[in-house]
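One structure below.
Order of the sequence lines sets the chain letters (A, B, ...), proteins ahead of strands, with each chain counted from 1. Source: prediction; values computed, not measured.
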Amino acid sequence: MSSDLLAGLNPEQLRAVTWPAKSALVLAGAGSGKTRVLTTRIAWLIQTGQISPAGVLAVTFTNKAAREMQARLAAMIPVNVKSMWIGTFHGLCNRLLRMHYRDAGLPQTFQILDMQDQLSAIKRLLKSLELSDEKFPPRSVQNFINGNKEAGQRASALGAHDFYGQKLIELYAAYDAQCRREGVVDFAELLLRSYELLSANQALCHHYRSRFRFILVDEFQDTNRLQYAWLRLLAGQDNAVFAVGDDDQSIYAFRGAEVGNMRSLLRDYSVEEAIRLEQNYRSVGTILKAANALIEHNDGRLGKNLWTEAGEGEEIRFYEASSDVDEAEFIVDEVRGLKREGMNLADIAVLYRSNAQSRALEHALVNAALAYRIYGGLRFFERQEIKHALAYLRLMDNPEDDNALLRVINLPARGIGARSVENLLNASRDGGTSVWQAACSAAGGRTAASLAKFVLLIEAMRERASGLTLAETVSLVIDDSGLRVMYEQDKKESEERLANLDELISAAAAFVPESQDQVLVEFLTSAALEAGEHQAEAGADALQLMTVHAAKGLEFDAVFASGLEEGLFPHENSMNDAKGLEEERRLMYVAVTRARQRLYLSCAQSRMLHGQTRYPIRSRFVDEVPSELLRVLSSQKPLVRPSVKAPWLEKKSQQPAVSVVDESMQGLHIGQSVTHAKFGLGVVVNAEGGAQDTRLQINFAEHGLKWLDLRYAKLQPA
DNA sequence: TGGGTCAGTCTTTTT
DNA sequence: GACTGACCCA
């Protein structure tokens with residue numbers, strides 16, 4: 001009967017699926033059927049009696065992927081998929097910590113801080129320690145803490161060479177102490193804490209080791225050091241780690257992912273050779289050729305070449321727009337055309353490097369009345385009204401949660417202003433208590449009628465909520481806290497916010513808890529862990545807009561890779577070191593390999609960014625695609641930059657550029673491509689000075705922005 | 001205390 | 001452009 005399962009697999013897939021009970025590394029190219037391999041292997045292991053469902057530990061990259069894997073398995077074999085441990089690292093660690101909260105030294109109902117919460121916790125800490133956030137930017141403190149946690153390092157294990165470093169370490173320790181006091185745990189802490197739980201607790205570790213004989217990991221290229229260590233710990237000497245990944249699609253180094261884990265796995269688990277899945281079932285030939293050519297430019301790859309039995313397909317279309325607006329309009333036109341040809345909007349994606357780029361697209365789409373869906377930006381559980389409501393819920397569950405308390409203590413305004421809060425914070429710091437306790441004692445005092453009311457409000461809500469369902473509780477909180485009235489009175493955006501609050505009640509009604517006794521905690525946990533993954537879900541027929549990161553693992557009939565400009569894609573923060581640039585290129589590789597049939601590449605000669613206009617030049621990634629694969633669209637805009645008068649010049653009327661008389665520019669103008677003997681190709685982006693001393697600012701492809709004196713710089717129109 | 005305005009800042013990607 | 005923090009005034 002296992003032949004059913006294995007039917008239709010190609011030889012490499014079959015080899016991977018039926019790999020014996022030892023560790024393996026599967027190098028799975030984009031569109032090579034890796035999800036199928038992974039799920040089929042689990043099904044095969046169960047069907048051949050090598051493991052029971054409860055012995056399965058599978059790690060996915062997103063919660064959505066975990067759900068999909070469960071659904072697929074349920075369709076493949078008749079087992080209770082609930083008994084399997086399938087989830088993200090964070091989800092699995094959360095599960096572990098909830099089950100063994102005592103051993104882990106956590107309160108039973110510990111709450112999870114998302115990045116926002118963590119940041120505000122850090123800001124609060126800095127304030128209480130009277131450290132200026134100029135010297136210690138909360139963001140970098142956050143990075144420091146998370147970076148170290150992801151490397152498995154506690155503050156106590158760190159050493160510093162200088163005063164500043166020492167201070168950071170102290171902050172890290174103080175932050176952890178604060179979290180402990182408040183009963184909260186950040187993302188990285190979930191992992192680190194469960195790692196420590198297992199390594200400190202032999203019996204527990206053994207228990208899980210003997211349970212999970214087979215450990216399967218998807219998107220292995222995006223695991224970080226701590227996750228790798230966690231896997232090693234669980235695998236011990238005897239268990240088999242079956243890791244599936246693609247080093248060419250490693251795009252999360254910025255948050256600690258180590259592609260090197262792939263090589264480490266080969267070494268640490270004595271895997272002789274990786275299994276390569278190179279046959280692609282997704283894209284046509286030209287797209288694969290482009291992807292292969294592009295990724296060739298990276299060094300140190302494990303090596304892999306995608307091929308297909310499908311035909312060559314169409315050429316890749318390239319369009320260089322005059323502006324971001326023009327680019328958006330071009331995309332809209334093409335999407336309309338595709339729709340006329342019968343393509344579903346939902347099978348078309350517009351990808352971009354950063355979320356901010358969606359604005360121009362959105363604008364054009366609204367004008368064109370095309371249905372679209374944007375993934376990214378603010379997620380549901382990150383919206384302020386939702387976070388406010390959740391904060392009340394958290395507070396009811398655990399009043400020691402200072403983060404939650406401070407968020408809503410004066411929201412809606414109830415006469416507890418900045419001054420009172422300050423006093424509370426001081427009292428809590430001096431007394432070594434939570435802010436809640438400080439509020440309780442201060443509420444007894446004479447001046448604190450509003451504080452007393454707040455304390456009573458929370459307690460009353462807690463009492464009234466007992467015995468209610470989750471949805472009823474959420475509804476009660478929204479009403480009794482005054483949030484609903486507050487938004488009803490507030491005209492700005494109130495409709496949407498109220499709708500979101502109602503949506504929260506619906507989400508609570510639809511929530512399926514694992515157990516009956518911790519429903520609220522589970523709900524809050526899932527809100528934090530799944531805050532809204534930026535992954536597309538099937539829905540109405542609408543054009544899909546998302547970042548390239550969010551598109552990982554997805555595929556579309558047609559893909560627009562937009563904003564292919566130096567400084568944007570590759571992003572300026574990453575393009576100056578080799579590693580950063582290679583990650584950008586992998587990102588581009590991911591973008592390209594999302595497309596099944598048709599791929600568009602586009603860039604713009606001018607773009608509004610951060611509220612000002614920039615004149616970027618075409619991304620090097622466009623040039624890394626072999627030109628014979630490209631079809632350049634728009635005849636009046638050849639690959640070489642045109643030297644027509646740029647339309648955006650009019651907009652620059654307040655800019656210094658205007659003070660320059662035309663003659664002084666020797667026939668050059670802003671937006672024009674030029675070459676310089678030393679700096680190479682660039683674009684004139686600004687000008688200043690008078691007729692005698694004109695200086696031009698030029699954005700060079702290789703050397704970035706430079707001011708050059710027109711009298712000396714020998715510039716040639718390109 | 002609370003609401004308003006304004007200037008200044010920082011913008012890559014996210015489990 | 002969006003969000004923050006600072007400042008001012010009722």
Side-chain angles (χ1 to χ4, degrees), chain A residues 59-66 87-94 112-116 118-120 123 127 132-134 137-140 142-143 146 149-150 186-191 218-219 222-224 226-227 250-257 351-360 363 375-379 381-382 384 410-423 447 449-450 486 489-490 492 526 528-535 546-553 563 567-575 580 583-584 586-588 590-591 608-613:
Chain A
V59 190
T60 58
F61 189 66
T62 63
N63 293 290
K64 182 182 163 225
T88 61
F89 278 106
H90 293 91
L92 295 169
C93 288
N94 172 62
I112 297 169
L113 298 183
D114 65 16
M115 297 290 270
Q116 282 180 38
Q118 187 187 35
L119 192 65
S120 53
K123 284 182 183 164
K127 219 165 226 160
S132 81
D133 38 358
E134 268 168 27
R139 268 252 139 67
S140 16
Q142 187 178 30
N143 287 339
N146 290 340
K149 286 193 180 183
E150 275 154 17
D186 60 51
F187 281 153
E189 184 71 23
L190 283 171
L191 283 153
D218 195 8
E219 306 283 10
D222 288 323
T223 52
N224 64 33
L226 181 55
Q227 289 163 344
S250 156
I251 53 175
Y252 284 97
F254 71 90
R255 70 169 202 223
L351 308 183
Y352 33 80
R353 176 66 237 269
S354 54
N355 278 307
Q357 288 165 252
S358 66
R359 194 168 301 275
H363 193 78
Y375 299 90
L378 208 49
R379 309 179 238 191
F381 284 102
E382 288 173 359
Q384 61 149 319
N410 200 30
L411 211 125
R414 48 173 71 89
I416 308 175
R419 198 52 193 269
S420 314
V421 171
E422 186 107 339
N423 291 339
T447 56
S450 32
M486 181 183 94
Q489 286 167 353
D490 178 28
K492 246 179 27 188
S526 84
L529 286 182
E530 298 189 42
E533 284 169 347
H534 281 331
Q535 282 251 310
M546 65 191 85
T547 63
V548 183
H549 281 92
K552 191 170 91 157
L568 194 59
F569 200 174
H571 195 273
E572 55 194 343
N573 295 358
S574 319
M575 59 193 275
E583 175 144 318
E584 295 288 311
R586 290 192 293 269
L587 203 49
M588 181 67 188
V590 169
M608 270 293 264
L609 212 61
H610 314 323
Q612 66 185 65
T613 310

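- At the heavy-atom level, M115(A) lies under 4.0 Å from base atoms of the strands shown.
- Spacing between dT13(B) and dT4(C) at atom C1', rounded to whole Å, works out to 23 Å.
- When distances run from any side-chain atom of R359(A) to the nucleotides dG3(B), dT14(B), dG1(C), the shortest one goes to dG1(C).
- Heavy atoms of R414(A) sit under 4.0 angstrom from primed sugar atoms or phosphate atoms, though from no base atom.
- One finds a side-chain N or O of N410(A) lying less than 4.0 angstrom from the OP1 or OP2 phosphate oxygen of dG2(B).
- Between N355(A) and the phosphate of dT14(B), there is a side-chain N or O to OP1/OP2 separation shorter than 4.0 Å.
- The side chain of T88(A) has dT15(B) as its nearest neighbour among dT13(B), dT15(B), dA2(C).
- Applying the 6.0 Å contact sphere to CD of E572(A) captures more than 12 heavy atoms from other residues, nucleotides or ligands.
- Summarising the geometry, the separation between CG on L113(A) and P on dT15(B) is reported as 16 Å, rounded to the nearest angstrom.
- In this entry the distance linking NZ of K127(A) with C1' of dT4(C) reads 11 Å, nearest Å.
- Comparing dT13(B), dG2(B), dT15(B) by their closest approach to the side chain of H549(A) singles out dT13(B).
- Here dT15(B) presents its C1' atom at 19 Å from OH of Y375(A), a figure rounded to the nearest Å.
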With 3.5 Å as the limit, what N/O pairs link the protein to nucleotides 7-11 of chain B?
from	atom 1	to	atom 2	distance (Å)
dT11(B)	N3	H610(A)	ND1	3.1

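- Distance NZ (K123(A)) to C1' (dG5(C)): 9 Å, rounded to an integer number of Å.
- Every residue was checked against the side-chain hydrogen bond (donor to acceptor under 3.5 Å, both in side chains) condition with N423(A), not counting sequence neighbours, and none meets it.
- Comparing E583(A) and V421(A), the nucleotide of DNA chain B nearest to each residue sits closer to the 5' end for V421(A).
- Qualifying ring-ring contact (aromatic ring centres under 6.0 Å, His included) partners for Y252(A), counting only residues two or more places apart in sequence or in other chains: F61(A), F254(A), H549(A).
- Comparing L587(A) and S420(A), the nucleotide of DNA chain B nearest to each residue sits closer to the 5' end for S420(A).
- Scanning for salt bridge (Lys or Arg N to Asp or Glu O under 4.0 Å) contacts around E150(A) gives an empty result, with sequence neighbours left out.
- The CG-C1' distance, from L119(A) to dT14(B), rounds to 14 Å in whole Å.
- The shortest distance between side-chain heavy atoms of E382(A) and M115(A) does not fall below 4.5 Å.
- The side chain of R419(A) sits closest to dT1(B) out of dT1(B), dT13(B), dT15(B).
- The CG-P distance, from L411(A) to dT1(B), rounds to 16 Å in whole Å.
- Residues meeting the salt bridge (Lys or Arg N to Asp or Glu O under 4.0 Å) test with E219(A), sequence neighbours left out: K34(A), K552(A).
- Note on Y252(A): only backbone sugar-phosphate atoms sit closer than 4.0 angstrom, heavy atoms only; bases stay farther off.
- Between D186(A) atom CG and dT15(B) atom P there is a gap of 15 Å when expressed in whole angstrom units.
- We find that CD of Q116(A) is positioned 17 Å from P of dA2(C), with the value rounded to whole Å.
- With sequence neighbours excluded, the residues satisfying ring-ring contact (aromatic ring centres under 6.0 Å, His included) with H90(A) are F187(A).
- No side-chain heavy atom of N224(A) sits less than 4.5 Å from a side-chain heavy atom of F89(A).
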